[in-house]
Amino acid sequence: MKKRMALIGMLVVLVLAPVVAAPLSNGSWSVGVNLGTSAQAATQYRVNDMLDIVAGIGYEFYWGALYGDVTANFKVWEFAISDVPFDLTVGGGALVGLYNNEVELSLVAPVGITYSLADDVFPVDIYFRLGPAFRILKGYQTNFLGVYSYVGAMYRF
(Lines give C-alpha, C1' and ligand atoms only; values in the text may rest on other atoms or scores of the structure.)
Protein backbone atom coordinates (compact mmCIF):
# COMPACT_ATOMS: atom_id res chain seq x y z
CA MET A 1 0.00 0.00 0.00
CA LYS A 2 2.85 2.40 0.84
CA LYS A 3 4.47 1.68 -2.53
CA ARG A 4 1.26 2.53 -4.39
CA MET A 5 0.75 5.76 -2.47
CA ALA A 6 4.36 6.77 -3.12
CA LEU A 7 3.95 5.98 -6.82
CA ILE A 8 0.72 7.97 -7.09
CA GLY A 9 2.26 10.94 -5.26
CA MET A 10 5.35 10.93 -7.48
CA LEU A 11 3.23 10.67 -10.64
CA VAL A 12 1.14 13.68 -9.59
CA VAL A 13 4.27 15.75 -8.88
CA LEU A 14 5.89 14.57 -12.12
CA VAL A 15 2.91 15.60 -14.21
CA LEU A 16 2.12 18.88 -12.42
CA ALA A 17 5.68 20.22 -12.12
CA PRO A 18 6.19 20.96 -15.82
CA VAL A 19 2.72 22.45 -16.22
CA VAL A 20 3.33 24.89 -13.38
CA ALA A 21 6.93 25.68 -14.35
CA ALA A 22 6.43 26.01 -18.12
CA PRO A 23 5.56 29.74 -18.16
CA LEU A 24 8.59 30.48 -15.96
CA SER A 25 11.29 29.08 -18.23
CA ASN A 26 13.05 29.79 -21.50
CA GLY A 27 13.09 26.12 -22.53
CA SER A 28 10.10 23.96 -23.33
CA TRP A 29 8.38 21.24 -21.31
CA SER A 30 6.77 17.99 -22.40
CA VAL A 31 4.80 15.29 -20.59
CA GLY A 32 4.27 11.74 -21.78
CA VAL A 33 4.85 8.03 -21.32
CA ASN A 34 7.76 5.64 -21.70
CA LEU A 35 7.28 1.92 -22.27
CA GLY A 36 10.27 -0.40 -21.99
CA THR A 37 12.54 -0.95 -19.00
CA SER A 38 9.47 0.03 -16.98
CA ALA A 39 6.11 1.64 -17.78
CA GLN A 40 6.60 5.29 -16.86
CA ALA A 41 5.02 8.67 -16.64
CA ALA A 42 7.74 11.01 -17.87
CA THR A 43 8.56 14.65 -18.33
CA GLN A 44 11.05 16.29 -20.65
CA TYR A 45 12.72 19.67 -20.43
CA ARG A 46 14.16 20.76 -23.77
CA VAL A 47 16.99 23.14 -22.90
CA ASN A 48 17.64 24.00 -26.56
CA ASP A 49 17.56 22.29 -29.97
CA MET A 50 20.60 20.17 -29.05
CA LEU A 51 19.86 19.06 -25.46
CA ASP A 52 16.92 17.67 -23.52
CA ILE A 53 16.59 16.21 -20.04
CA VAL A 54 14.07 13.42 -19.45
CA ALA A 55 12.89 12.23 -16.02
CA GLY A 56 10.48 9.39 -15.45
CA ILE A 57 9.00 7.27 -12.73
CA GLY A 58 7.14 4.04 -13.15
CA TYR A 59 6.59 0.38 -12.45
CA GLU A 60 8.57 -2.58 -13.79
CA PHE A 61 6.17 -5.50 -14.23
CA TYR A 62 8.55 -8.49 -14.22
CA TRP A 63 10.07 -7.83 -10.77
CA GLY A 64 7.32 -5.57 -9.48
CA ALA A 65 9.84 -2.82 -8.83
CA LEU A 66 9.43 0.92 -8.66
CA TYR A 67 11.81 2.68 -11.07
CA GLY A 68 12.92 6.25 -11.61
CA ASP A 69 15.46 7.64 -14.04
CA VAL A 70 16.94 10.87 -15.35
CA THR A 71 18.86 11.17 -18.62
CA ALA A 72 20.37 14.00 -20.61
CA ASN A 73 20.15 13.45 -24.38
CA PHE A 74 22.26 15.30 -26.95
CA LYS A 75 21.28 15.58 -30.61
CA VAL A 76 24.30 14.52 -32.69
CA TRP A 77 22.83 14.11 -36.17
CA GLU A 78 19.76 15.03 -38.22
CA PHE A 79 18.66 12.87 -41.14
CA ALA A 80 15.58 12.26 -43.29
CA ILE A 81 13.89 9.18 -44.68
CA SER A 82 11.53 10.05 -47.57
CA ASP A 83 11.53 13.71 -46.45
CA VAL A 84 10.57 12.73 -42.87
CA PRO A 85 13.09 14.33 -40.45
CA PHE A 86 14.64 12.34 -37.59
CA ASP A 87 17.22 13.16 -34.90
CA LEU A 88 19.89 10.78 -33.62
CA THR A 89 20.67 11.32 -29.93
CA VAL A 90 23.21 10.02 -27.43
CA GLY A 91 22.88 10.46 -23.73
CA GLY A 92 23.77 9.53 -20.21
CA GLY A 93 22.03 9.33 -16.90
CA ALA A 94 21.07 7.28 -13.87
CA LEU A 95 18.38 4.69 -13.13
CA VAL A 96 17.19 3.74 -9.62
CA GLY A 97 15.04 0.69 -8.87
CA LEU A 98 13.38 -0.23 -5.55
CA TYR A 99 12.18 -3.75 -4.77
CA ASN A 100 11.59 -5.34 -1.34
CA ASN A 101 13.93 -2.95 0.48
CA GLU A 102 16.68 -3.50 -2.09
CA VAL A 103 18.04 -0.69 -4.23
CA GLU A 104 19.44 -0.92 -7.74
CA LEU A 105 21.48 1.99 -9.10
CA SER A 106 22.63 1.95 -12.72
CA LEU A 107 24.41 4.35 -15.00
CA VAL A 108 22.80 4.36 -18.45
CA ALA A 109 24.04 5.44 -21.88
CA PRO A 110 21.12 5.47 -24.34
CA VAL A 111 21.30 6.05 -28.09
CA GLY A 112 18.00 7.17 -29.61
CA ILE A 113 16.02 8.16 -32.66
CA THR A 114 13.41 10.91 -32.33
CA TYR A 115 10.66 12.06 -34.67
CA SER A 116 8.95 15.37 -33.84
CA LEU A 117 5.59 16.20 -35.35
CA ALA A 118 5.07 19.83 -36.34
CA ASP A 119 3.63 22.10 -33.64
CA ASP A 120 0.73 23.13 -35.86
CA VAL A 121 -0.16 19.47 -36.63
CA PHE A 122 0.19 17.81 -33.22
CA PRO A 123 3.05 18.85 -30.88
CA VAL A 124 4.37 15.37 -30.02
CA ASP A 125 7.83 13.80 -29.97
CA ILE A 126 7.99 10.04 -30.60
CA TYR A 127 11.24 8.26 -29.80
CA PHE A 128 13.09 5.00 -29.26
CA ARG A 129 16.12 4.79 -26.96
CA LEU A 130 18.38 1.80 -26.33
CA GLY A 131 21.62 1.40 -24.44
CA PRO A 132 23.55 -0.38 -21.72
CA ALA A 133 22.83 -0.07 -18.02
CA PHE A 134 25.89 -0.49 -15.81
CA ARG A 135 24.73 -1.55 -12.34
CA ILE A 136 26.65 0.20 -9.60
CA LEU A 137 24.39 -1.15 -6.83
CA LYS A 138 23.02 -4.49 -7.98
CA GLY A 139 20.16 -4.79 -5.46
CA TYR A 140 17.84 -7.55 -6.64
CA GLN A 141 19.53 -7.75 -10.08
CA THR A 142 22.72 -9.82 -9.93
CA ASN A 143 24.46 -9.02 -13.23
CA PHE A 144 26.64 -5.96 -13.84
CA LEU A 145 25.38 -5.20 -17.35
CA GLY A 146 21.72 -4.65 -18.16
CA VAL A 147 19.64 -3.17 -20.97
CA TYR A 148 18.02 0.26 -20.88
CA SER A 149 15.32 0.74 -23.52
CA TYR A 150 12.20 2.80 -24.14
CA VAL A 151 9.65 3.66 -26.74
CA GLY A 152 8.05 6.92 -25.74
CA ALA A 153 5.85 9.81 -26.69
CA MET A 154 5.89 13.33 -25.24
CA TYR A 155 3.32 16.08 -25.70
CA ARG A 156 5.05 19.47 -25.99
CA PHE A 157 3.61 22.54 -24.26
* Is there a chain of hydrophobic side chains (I, L, V, M, F, W, Y, each step under 4.5 Å between heavy atoms) that links F157 to L117? -> yes

* To do: Can you see which heavy atom on Y67 is nearest to which on Q40, and at what distance?
  => O-NE2, 4.3 Å

* Taking the side chain as every heavy atom from C-beta outward, state whether D69 and V108 have any atom pair closer than 4.5 Å. => no

* For residues L51 and N48, report the shortest heavy-atom separation together with the two atoms involved. => N-OD1, 3.0 Å

* To do: Kindly determine whether Q44 and N73 satisfy side chain to side chain donor-acceptor pair (under 3.5 Å), including the steps that lead there.
  => CA-CA 10 Å; Q44 175 187 56; N73 301 290; over 6 Å; no

* To do: Answer with yes or no whether the hydrophobic clustering places I113 together with V111; edges join I, L, V, M, F, W, Y residues whose side-chain heavy atoms lie under 4.5 Å apart.
  => yes

* Answer whether the closest heavy-atom distance between the side chains of V76 and M50 falls below 4.5 Å. => no

* Intermediate values then yes/no, side chain to side chain donor-acceptor pair (under 3.5 Å), E60 and Y99 -> CA-CA 10 Å; E60 193 266 340; Y99 174 74; over 6 Å; no

* Asked: So do L105 and L95 actually touch side chain to side chain, heavy atoms under 4.5 Å?
  -> no

* For D119, does the CG atom sit with more than 12 other heavy atoms under 6.0 Å from it, leaving out its own atoms? -> yes

* Asked: What's the shortest heavy-atom distance between V54 and A42, and which atoms?
  -> CG1-CB, 4.5 Å

* Please lay out, stage by stage, how T114 and F86 fare under the test side chain to side chain contact (heavy atoms under 4.5 Å, CB included). => CA-CA 6 Å; T114 303; F86 292 91; over 6 Å; no

* Would you check, one step at a time, whether the test side chain to side chain contact (heavy atoms under 4.5 Å, CB included) holds for V47 with D52? => CA-CA 6 Å; V47 178; D52 65 55; over 6 Å; no

Under 3.5 Å, side-chain donor or acceptor atoms of residues 121-134 against the rest of the protein: list the pairs with distances, not counting sequence neighbours.
{"residue": "D125", "atom": "OD1", "partner": "S116", "partner atom": "OG", "Å": "2.7"}
{"residue": "D125", "atom": "OD1", "partner": "R156", "partner atom": "NH1", "Å": "2.5"}
{"residue": "D125", "atom": "OD2", "partner": "R46", "partner atom": "NH2", "Å": "2.8"}
{"residue": "Y127", "atom": "OH", "partner": "N34", "partner atom": "OD1", "Å": "2.4"}

* **L137 reachable from V147 in the ILVMFWY side-chain graph, under 4.5 Å edges** => no

* F61: what forms a ring-ring contact (aromatic ring centres under 6.0 Å, His included) with it, not counting sequence neighbours? -> Y59

* Asked: So if you build clusters from Ile, Leu, Val, Met, Phe, Trp, Tyr with side-chain heavy-atom gaps below 4.5 Å, do Y45 and Y155 land together?
  -> yes

* Going by atom types only, do D87 and Y115 share a side-chain donor-acceptor pair under 3.5 Å? -> no

* Who passes ring-ring contact (aromatic ring centres under 6.0 Å, His included) against F74, sequence neighbours left out? -> none

* **From NZ (K75) to CG (L88), nearest 0.5 Å** => 11.0 Å

